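In this text, all values refer to a predicted model and were calculated from it rather than measured experimentally.
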Amino acid sequence: MRCGRLAAALGVGFALALALVSAAPARGQRARAPGETPIADVLQVIELDRELAAVDGLAGGEIRVALERGERVLWTEARGRVGLAVTDRRLLAVATRSGAWQSTRFRRGEAPPEGAFVGEQVAVVVTSKRALGFDGGSGNLVERSLGPREQVIAADASGAVGLVVTDRRALAVSPFAGGFFTTALRVGESIEAVAATGNVATVRTSRRLLTFQAAGGLWVEVDL
């Protein structure tokens, strides 16, 4: 009897050890950093008769939103864990595990955008009046109005970071910290290069290198 119990205990212990070894990263592998890509496409946006459906392959199920009478869908896009739709009246956005679609109406004189910059966990959209960002972590839309004669120079999105650069400031959005994070440009400072990759965005100017870290929601600057 004692030998049988010992064998059973050893069997349980071996199974537990095997499970722990299997769960641990293999030698030479490292833990994935927040926002590191690639992330599989686990969301689909489908236009139905009078509604939009986001098929959530991560959590399962569908997230639907009704279209208004006479509202026309202009385009849809999905990548990673976020999805977008633009109609002739509003911008709609959704993320995996969201309870509902988020939307914002276009203002008077604000034309619907022809496209968006979509990363696996964020998206940015630029219109003639606003910079709009979608944070796939919280599932919220954020926006900043463009000032009089403020010109958008560049925009980009990749992985867990979205970026909009104007002739006055740089704005970044992250799925780990809500809202737009802004850093101002100096007088006479010109933009030379802009990039968004994984969880980092960089803006090289004639005077500085500006780096945004999505994990912490912080801008860091280095004089050149």
Side-chain angles (χ1 to χ4, degrees), residues 31-48 50-68 71 73-106 110 112-127 130-144 155-164 171-182 195-201 212-218:
R32 187 178 292 272
E36 187 174 353
T37 54
I39 293 177
D41 293 333
V42 291
L43 190 72
Q44 293 185 25
V45 176
I46 301 174
E47 182 182 354
L48 303 176
R50 292 308 307 156
E51 61 183 353
L52 291 168
V55 181
D56 188 342
L58 191 63
E62 299 176 359
I63 311 161
R64 298 197 179 199
V65 60
L67 297 173
E68 300 171 351
E71 186 175 20
V73 176
L74 303 181
W75 55 264
T76 66
E77 185 171 353
R79 183 179 180 191
R81 299 180 181 179
V82 301
L84 297 179
V86 165
T87 75
D88 55 350
R89 300 178 185 177
R90 52 185 173 155
L91 167 70
L92 302 102
V94 67
T96 54
R97 297 194 173 100
S98 293
W101 285 76
Q102 302 297 308
S103 67
T104 181
R105 291 186 177 278
F106 298 122
E110 185 179 33
E114 297 181 354
F117 300 87
V118 184
E120 285 86 347
Q121 298 183 69
V122 297
V124 293
V125 176
V126 177
T127 73
R130 290 180 292 173
L132 299 136
F134 181 63
D135 160 12
S138 65
N140 290 325
L141 276 169
V142 296
E143 66 176 78
R144 288 291 184 273
D156 199 4
S158 176
V161 64
L163 179 66
V164 177
L171 306 96
V173 63
S174 160
F176 311 118
F180 266 126
F181 296 85
T182 305
T197 307
N199 58 8
V200 176
F212 177 77
Q213 301 284 345
L218 297 173

Inset, instruction - Start with the C-alpha gap between Val45 and Glu77, add the side-chain angles, then the distance that decides, and say whether side-chain contact (heavy atoms from CB on, under 4.5 Å) holds. - result: CA-CA 7 Å; Val45 176; Glu77 185 171 353; over 6 Å; no
Inset, instruction - Could you walk me through whether Asn199 and Val161 pass the side-chain contact (heavy atoms from CB on, under 4.5 Å) test, one step at a time? - result: CA-CA 5 Å; Asn199 58 8; Val161 64; 5.7 Å; no
Legend entry - Minimal non-hydrogen separation, Ser158 against Ala196, with atom names: CB-O, 3.2 Å
Inset, instruction - Decide yes or no on side-chain contact (heavy atoms from CB on, under 4.5 Å) for Leu58 and Leu43, but give the supporting numbers first. - result: CA-CA 8 Å; Leu58 191 63; Leu43 190 72; over 6 Å; no
Donor-acceptor contacts under 3.5 Å from residues 92-102 side chains, at least two apart:
residue	atom	partner	partner atom	Å
Ser98	OG	Ala95	N	3.2
Ser98	OG	Ala95	O	2.7
Trp101	NE1	Ile63	O	2.9

Legend entry - Separation of Glu110 CD from Thr104 OG1 (nearest 0.5 Å): 7.5 Å
Legend entry - CD-OG1 distance between Glu143 and Thr127, expressed to the nearest 0.5 angstrom: 9.0 Å
Legend entry - Heavy-atom pair of closest approach, residues Pro113 and Trp75: O-NE1, 2.9 Å
Legend entry - Spatial distance of atom CG (Asp135) from atom CZ (Phe180) [nearest 0.5 Å]: 10.5 Å
Legend entry - From CA spacing to verdict: side-chain contact (heavy atoms from CB on, under 4.5 Å), Arg105, Arg89: CA-CA 6 Å; Arg105 291 186 177 278; Arg89 300 178 185 177; 4.3 Å; yes
Inset, instruction - Heavy atoms only: give me the nearest Gln121-Ala160 pair and the separation to one decimal. - result: NE2-CB, 3.9 Å
Inset, instruction - Return the minimal non-hydrogen interatomic distance between Val122 and Gly162, and the atom names on each side. - result: CG2-N, 3.6 Å
Inset, instruction - Using atom types as modelled and distance alone, determine if a side-chain donor or acceptor of Arg144 lies under 3.5 Å from a backbone N or O of Arg130. - result: no
Legend entry - Point-to-point distance, once rounded to the nearest 0.5 Å, from CZ of Phe134 to CG of Leu84: 7.5 Å
Legend entry - From CG (Leu91) to CG (Leu74), nearest 0.5 Å: 11.0 Å
Legend entry - Donor-acceptor under 3.5 Å (Arg79 side chain, Val118 main chain): yes
Inset, instruction - Verify the neighbour count for atom CD of Glu68: are there more than 12 heavy atoms of other residues, nucleotides or ligands below 6.0 Å? - result: yes
Legend entry - Distance-minimising heavy-atom pair for Val82 and Gly119: CG2-O, 3.4 Å
Inset, instruction - Give the minimum heavy-atom separation between Phe117 and Ala155, together with the two atoms involved. - result: CE2-O, 3.3 Å
Legend entry - Expected output: side-chain Asp41 to main-chain Gly80 donor-acceptor under 3.5 Å: yes
Legend entry - Separation between CG of Asp88 and CZ of Phe106, rounded to the nearest 0.5 Å: 9.0 Å
Legend entry - Backbone of Ala66 reached by a side-chain donor or acceptor of Glu51 within 3.5 Å: no
